[in-house]
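Heads up: the structure comes next, in structure tokens.
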Amino acid sequence: MSWTRGVLAVLAVCVLLLTGSAGCGSGDVDEPGAGDSVAPVGKLLDATDEQGRRYREVDAEHAPEVGIEVQPEADDTWDVRLTVRDFRFSPDGTEEKAVAGRGVAHLFLDGDHLTRLRGPEYHLAADLVSRGTHQLTVRLYADDGTVWAVDGEPVESTADITASDAEPTGATEPEEIEGRTVTEPAAEQ
């Protein structure tokens, strides 16, 4: 009954192949790792940011999201905290390719680039923020330098911050009248 052993062996191989228990990879081809995208991520648009980096359009359902919160500190500095959804920060040295939901954040003050962030926190120095109201914007980028975008708009968030300092105002400065300050006694004529 040697033919029954052959049939059983063929049946066992078929079961392994159907259930995915047997692998067929050759081992000499780079296969994507866990979390890596097999297909290109999104669609590259012709639109670019201020530095000329192209937008990478993704569906809103799968797009990363970012929020920004800024808290003033007693020493006139600012604590910046980012909240992200469907996004993770890439460590330094990450391969420069677009992987869904991964990359870095860039921080802009009034449209001027401040820094690239590889984590959700940043300490904004007081000397970078002059007196007045300013816009602090965070934008998400893929590791290949493209801008994550939805409906042709970059994935970003903006917060207004207002800085004041101890400069005297007109109400606290003595007024000058005809070359002398009001606090001086008037000379009798």
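Below, each value reflects all heavy atoms present in this structure, side chains not excepted, and no hydrogens, waters or symmetry copies. Model, not experiment: these values are computed from the prediction.
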Inset, instruction - With the side chain counted from C-beta on, respond yes when T158 and L136 share a heavy-atom pair under 4.5 Å apart, and no when they do not. - result: no
Inset, instruction - Identify the two heavy atoms, one from Y55 and one from T48, that lie closest to each other, and give their separation to 0.1 Å. - result: CE1-C, 3.6 Å
Legend entry - Pair Q71, E69: side-chain N/O donor-acceptor within cut-off below 3.5 Å: yes
Inset, instruction - State, with a plain yes or no, whether a side-chain heavy atom of T83 is found less than 4.5 Å away from one of R81. - result: no
Legend entry - Non-hydrogen atoms of E50 and F108 that approach each other most closely: OE1-CE2, 4.5 Å
Inset, instruction - Flag the pair R54 / D46 as yes when at least one side-chain heavy-atom distance between them is below 4.5 Å, and no otherwise. - result: yes
Legend entry - Exercise: identify the closest heavy-atom pair between G119 and L82: O-CD1, 4.2 Å
Legend entry - Heavy-atom neighbours of R118 CZ exceed 12 at 6.0 Å: yes
Inset, instruction - May I ask you to test the V99-D144 pair for a side-chain heavy-atom distance under 4.5 Å? - result: no
Legend entry - For D143, all residues meeting side chain to side chain donor-acceptor pair (under 3.5 Å), sequence neighbours excluded: S90, R102
Inset, instruction - Compute whether any side-chain donor of one residue and acceptor of the other, for T77 and H123, lie under 3.5 angstrom apart. - result: yes
Legend entry - Sub-4.5 Å side-chain heavy-atom contact between L124 and V129: yes
Legend entry - Check: H113 and Q51 side chains under 4.5 Å, non-hydrogen atoms: yes
Legend entry - Connected via hydrophobic side-chain network under 4.5 Å: L45 and V150: no
Legend entry - Shared hydrophobic cluster for L117 and Y141 (ILVMFWY, side-chain gaps under 4.5 Å): no
Inset, instruction - Taking D160 for its side chain and Q135 for its backbone only, find out whether a donor-acceptor pair lies under 3.5 Å. - result: no
Inset, instruction - Taking all heavy atoms of L140 and all of A105, pick out the closest pair and write down the distance. - result: CD2-CB, 4.0 Å
Legend entry - Minimum-distance pair of heavy atoms, taken over all atoms of T162 and W78: O-CH2, 3.2 Å
Inset, instruction - State whether the number of non-hydrogen atoms from other residues, nucleotides or ligands found under 6.0 Å of E96 atom CD is greater than 12. - result: no
Inset, instruction - Compare every heavy atom of R131 with every heavy atom of S164, then report the nearest pair and how far apart it is. - result: CA-CG, 4.3 Å
Inset, instruction - Would you indicate whether the side-chain heavy atoms of H106 and R53 approach each other to under 4.5 Å? - result: yes
Inset, instruction - Run the numbers on W148 and V41 for side-chain contact (heavy atoms from CB on, under 4.5 Å), then give the verdict. - result: CA-CA 10 Å; W148 290 115; V41 179; 3.5 Å; yes
Inset, instruction - Would you mind reporting whether D79 and V70 have side-chain heavy atoms less than 4.5 Å apart? - result: no
